[in-house]
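First the structure, in the form of structure tokens, and then the observations on it.
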Number of protein chains: 2
Amino acid sequence: MTRTHHQHPRFQLRLVSGKDVVIGPGKADLLDAIGRTGSISSATREMGLSYKKAWQLINTMNEHFAAPVIATVSGGSQRGGAELTDFGHRVLEQYRALQTRLTAENAPETQALLNLLAPSDAPDP
Amino acid sequence: MTRTHHQHPRFQLRLVSGKDVVIGPGKADLLDAIGRTGSISSATREMGLSYKKAWQLINTMNEHFAAPVIATVSGGSQRGGAELTDFGHRVLEQYRALQTRLTAENAPETQALLNLLAPSDAPDP
DNA sequence: TCCCGCTATTTCCATTTATACATAACGGAA
DNA sequence: TTCCGTTATGTATAAATGGAAATAGCGGGA
């Protein structure tokens, strides 16, 4: 799958602990995709990353958060799948809220830094 | 040099454009070190990264910002060196301001997410 | 003129990271 | 019992990243 590259300059937020990224843009998108598609596999196909990588990302989140972010099922009539736990929903919700707040207009420092970019990086056009 | 690993969970901020990180924690620290030490070389020795890597980080910043963040000198009585440009100082200042604002108490969403971490990740002790 | 430490750049190599592929288990349905 | 697509995991390979080392140029001082 072709890599989807956002073009405009943007701020990204990461929660880091030790050497691990607990959650960031990629993991948040993965959680979102799993929630929407109902399985890790379908989420990886949609996002264009390997199942193993996705599993590792999820595993890292589960290692650092107080509870698992997704619940998985093997076999059965639905052939298995995965869904966000209530806890996982809260994690994603809080991350998005923080992300939104950062990019919001009530952060004048955001614009101040964007205005220092070269014109080719199209701060606001 | 041994890698210095901050232990406590923390938020990191990045300004990204296309596939490049315009500025983030590492580049900000590099600018700071160059400003303090007076050369790229001494900054790399202090931080424990290669000159090549540092130069690449600086080059990426210069490619995306509207003006160079450092000014370099080759040869001369001082044997050459580097210093932050006025523009570079502004970039670093604005980044630090944004970073500070993010971690500040006026971001309750920050604590909300930290509180979802496992006890072993020591949210506040 | 030579010397010095720095900038700037290239080449080569080690490390890290990610992918591709293979495999086993799962459990309901046919 | 066989079949299915998924979870979960290991192994081997490819790609990306980073470092070490070499090289050239700089320009003022000795």
Can you tell me the distance, in whole Å, between the [atom1] atom of [X] and the [atom2] atom of [N]?
X     : N      : atom1 : atom2 : value
B:L57 : C:dA8  : CG    : P     : 14 Å
B:Q78 : C:dG5  : CD    : C1'   : 11 Å
B:W55 : D:dT23 : CH2   : C1'   : 16 Å
A:D20 : C:dT17 : CG    : C1'   : 14 Å
A:E83 : D:dT7  : CD    : C1'   : 14 Å
A:I34 : D:dT6  : CD1   : C1'   : 13 Å
A:L49 : D:dA14 : CG    : P     : 21 Å
B:Y51 : D:dG18 : OH    : P     : 17 Å

Using only modelled atom types and a 3.5 angstrom limit, is any donor from either the side chain of B:R79 or the base of C:dC6 paired with an acceptor on the other? no
When only distance counts, do a donor and an acceptor, one from the side chain of B:K52 and one from the base of D:dT17, lie under 3.5 Å apart? no
Please tell me if the side chains of B:T110 and B:T103 come closer than 4.5 Å, counting only heavy atoms from C-beta onward. no
Checking all strands, does B:G76 fall into the base, sugar-phosphate, or nothing category for heavy-atom contacts under 4.0 angstrom? base
What does B:S77 touch in the nucleic acid at a heavy-atom separation under 4.0 angstrom: a base, only the sugar-phosphate, or nothing? sugar-phosphate
On DNA chain C, check which nucleotide each of A:S74 and A:Q56 is closest to and give me the residue with the more 5' one. A:Q56
Please indicate whether [X] has more than 12 foreign heavy atoms, meaning atoms of other residues, nucleotides or ligands, lying under 6.0 Å from its [atom1].
X     : atom1 : value
B:Q78 : CD    : no
A:Q56 : CD    : yes
B:E83 : CD    : no

Identify which nucleotide among C:dT19, C:dA8, D:dT9 has an atom closest to any side-chain atom of A:K53, counting heavy atoms from C-beta outward. C:dT19
Between B:R96 and B:D29, is there a salt bridge with N-O shorter than 4.0 Å? yes
Hey, is the side chain of B:T72 poking within less than 4.0 Å of OP1 or OP2 on C:dC6, counting only N and O atoms? no
